[in-house]
Peer 1: 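Sharing a structure here in structure tokens format.
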Amino acid sequence: MGKLYFKKTSNEEKSDRRRPKPETVQFLLNYSRALRVVDHKKMKFETFLN
Amino acid sequence: MNDTKVPDSSLVRDYLDGNENALGALIDRHQHRIYSFIYSKVFDKDISEDIFQDTFIKVIRTLKRGKYNEEGKFLPWVMRIAHNLVIDHFRRNKRMPKFDNNGDFNIFSVLSDEGLNAEKQLIKDQIESDVQELIKELPEDQLEVLTMRIYKDMSFKEISERTGVSINTALGRMRYALINLRKIIEKRNLILTN
């Protein structure tokens with residue numbers, strides 16, 4: 001009978017829902033990898049590497 | 001990897017030194033808290049997702065531009081960015097939907113108030129406070145399980161972990177708590193219905 005309670009509780013499911021989608025996190029990681037900031041004199045230029 | 005021992009400031013430093021994995025660790029560590037904070041303000045999954053993304057884009061750009069100077073306070077800094085973006089969102093969406101009720105169509109014919117009326121709400125509040133008093137008469141172990149299950153919405157697995165008893169014991173205590181509660185109600189000739 002106890003095994004019935006080993007599935008995720010509603011609270012745990014709610015907690016899962018309170019996270020960004022994995023795609024969003026992956027996008028941010030890719031964005032970070034692609035972004036380069038180049039200093040030129042007192043200016044900063046952002047470039048993206050694809 | 002047990003990354004809980006690595007302080008945020010070290011991960012930020014690693015990231016600034018070019019270790020992209022450090023950003024992944026920071027996001028992984030704080031995503032739940034930041035996303036929950038945003039969601040608690042906007043109550044919309046898609047908007048929360050957008051604001052979360054914008055928050056970290058701002059974090060990444062600031063870090064890569066070398067403008068971050070709050071070492072050791074990474075989370076409060078990110079939360080502040082998220083907070084500001086939430087405010088921006090509400091500023092952009094200031095317009096509220098407005099219903100004019102001057103035509104043939106009456107909006108209140110399709111919008112109904114699902115809440116209880118004042119009398120039923122009073123009865124409900126009274127019943128709830130009566131029940132809270134009644135459960136105090138239960139034995140301590142049964143009261144503990146019942147409180148965790150009903151008032152704290154914990155699963156029996158969580159209750160068993162918290163109280164250090166098996167799930168079946170927790171289930172048994174819950175069962176006896178309900179049986180005893182019914183006996184107490186019968187003994188006192190109470191009617192607890194709305």
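Lettering follows sequence order; numbering is per chain, from 1.
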Peer 1: Below 4.0 angstrom, N of the basic side chain to O of the carboxylate: do Lys183(B) and Glu186(B) qualify?
Peer 2: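 No.
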
Peer 1: Is the shortest side-chain N to carboxylate O distance from Glu161(B) to Lys157(B) below 4.0 Å?
Peer 2: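 Yes, charged N to carboxylate O under 4.0 Å.
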
Peer 1: Is Ile179(B) isolated, or which residues cluster with it under the ILVMFWY side-chain rule of less than 4.5 Å, directly or via members?
Peer 2: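 Besides Ile179(B), the cluster holds Tyr176(B).
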
Peer 1: Checking Ile27(B) against chain A: side chain, backbone, both or neither under 4.5 Å from a heavy atom?
Peer 2: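 Side chain of Ile27(B) only, per the 4.5 Å heavy-atom cut-off to chain A.
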
Peer 1: Is Tyr39(B) in contact with chain A via its backbone, its side chain, both, or neither, using a 4.5 Å heavy-atom distance?
Peer 2: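 Interface part for Tyr39(B): side chain.
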
Peer 1: Does anything in residues 53-64 of chain B pair up under side chain to side chain donor-acceptor pair (under 3.5 Å), and if so which pairs, sequence neighbours excluded?
Peer 2: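 Every side chain to side chain donor-acceptor pair (under 3.5 Å) pair that includes a residue of residues 53-64 of chain B, provided the two are not neighbours, is Glu46(A)-Arg61(B), Glu20(B)-Lys64(B).
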
Peer 1: Pick one of side chain, backbone, both or neither for Asp50(B), based on which atoms fall under 4.5 Å of a heavy atom in chain A.
Peer 2: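 Neither; nothing under 4.5 Å.
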
Peer 1: If you tally heavy-atom pairs under 4.5 Å against chain B, which of Val25(A), Leu28(A), Val37(A) wins?
Peer 2: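 Sorted descending by pairs with chain B, the first entry is Leu28(A).
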
